[in-house]
Amino acid sequence: MSLSLLRNTANLSSLPFPVRFISFTAMSKARKIPLLQTPGSEDDGVAPKNRVRKRRVEMIAKEVKIESPDKKFLRHPEIEDFASDNVYSQSIQPPANWESIMEGIRSMRLSEHAPVDSIDPDEGVTSLQPKERRFAVLVGSLLSSQTKGHVTHEANQRLLENGLLSADTMDRADEATIKSLIYPVGFYTRKAQHLKQVAKVCVSKYDGDIPSTVDDLLLLPGVGPKIAHLVMIMAWNKVEGICVDTHVHRVSNRLGWVSRPGSKQGTRSPEETRVSLQQWLPREEWVSINLLLVGFGQTICTPLRPRCAKCTIREFCPSAFKEISTPASTSKTRRPKKELG
DNA sequence: TTCCAGCCAT
DNA sequence: ATGGCGGGAA
């Protein structure tokens, strides 16, 4: 995955892999299954799941309703490949000039290299069998958060060299071994624990494969919304939602592209941003927007001191040259003194 | 020294 | 809602 994703974002056929679309209705159906199971049962190897996760799943289920205003789709749970039908974009008006803004960001991205551009989640694992490749993608995604691309890649290579890049072997591996192999990725202690637990679930419940729905991925320890959507795209070639990380969250808010339901306030979490974005952004852009905004957020629209002077879309940006406190960077220690005009 | 990222736990 | 995690950059 590289700049090729940036160049032709309007055309899915230009993506390096086939992309299938799944209806949200189908998602909501699949979503209910884990909820109906006895909470806390440990037969599946998943640790007694706490209410936080359940609440999250329920929240997402509620969001789906918002995204499915057209009732007729509720009767067609298996609809796929409706990329050209922007049925979910009808209720929410897209922000003004969003296409020009995207094009402007794309130009800036092509003229300046961003750290994210050197990351290739598939690197080194393309030769694996499908099942192992998917597991490797999941592991790589788990390792990648808060970690530089090359560090992640080297850690993944060490796991590969030691034959641990499959659910079966990872399940049997010593946790301390995993920990030493993935060092120094961020939070390696916890990630080693998570990897063992994830492998166990994959073996016991998915025959060594990885979960194939967002919901089931979310049930894995260490897997949140960002990683779940990333894995759906990279491992399963399915686009069920936008992969929203802190950069997408921050930039979307600065541009005024997202808001809390029934309000003009910005969103306060990446999950809110994801839902808000999905309500108007055409699905053709759901994959490409991540790479686009992450790189933009790394190089120009930075968390601290955004380089508005260098930004070619500042005339469209309601936050240009304002020392605003974005949702992503807001904290008790940094409050804007006063919104000075 | 402070801030940061994605998830988890309090 | 907020702090912790492990380390690197601002």
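All values reported here derive from a predicted model rather than from experimental measurement. Residue numbers start from 1 in every chain, and the chains themselves are labelled A, B, ... in the order their sequence lines are given, proteins ahead of strands.
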From B/dC3, C/dG7, B/dC8, nucleotide with atom closest to A/Arg190 side chain = B/dC8

So, do A/Phe187 and B/dG6 meet the stacking rule of ring centres under 5.5 Å and planes under 30°?
-> yes

Distance, rounded to the nearest Å, where A/Arg305 contributes CZ and C/dA10 contributes P | 12 Å

Is the number of heavy atoms from other residues, nucleotides or ligands within 6.0 Å of CD (A/Gln129) greater than 12?
-> no

Check the distance between B/dG6's C1' and A/Glu271's CD and give it to me in whole angstrom.
-> 12 Å

Quick one: A/Leu195 CG to B/dC8 C1', roughly how many Å, whole number?
-> 15 Å

Whole-Å distance separating the CG atom of A/Leu219 from the P atom of B/dC7 = 14 Å

Output yes when at least one side-chain N/O atom of A/Thr189 is less than 4.0 Å from OP1 or OP2 of C/dC5, else no.
-> no

Distance, rounded to the nearest Å, where A/Gln298 contributes CD and B/dC4 contributes P = 15 Å

Does a side chain donor of either A/Thr213 or A/Asp216 reach within less than 3.5 Å of an acceptor in the other side chain?
-> yes

Nucleotide nearest A/Arg250 (side chain, heavy atoms from C-beta), chosen from B/dC8, C/dG7, B/dA5 = B/dA5

Distance in angstrom units between A/Gln146 CD and C/dC5 P, rounded = 14 Å

Which donor-acceptor pairs under 3.5 Å do side chains of residues 170-178 of chain A form with protein atoms, sequence neighbours excluded?
unit_1: A/Arg172; atom_1: NH2; unit_2: A/Asp168; atom_2: OD1; d: 3.1
unit_1: A/Arg172; atom_1: NH2; unit_2: A/Asp168; atom_2: OD2; d: 2.9

Starting at atom CD1 of A/Ile182, determine the distance to atom P of C/dG6, rounded to an integer number of angstrom.
-> 10 Å

Can you tell me how far P of B/dG6 sits from CG of A/Leu217, to the nearest Å?
-> 17 Å

Which value, rounded to the nearest 0.5 Å, describes the distance between A/Leu292 atom CG and A/His247 atom NE2?
-> 13.0 Å

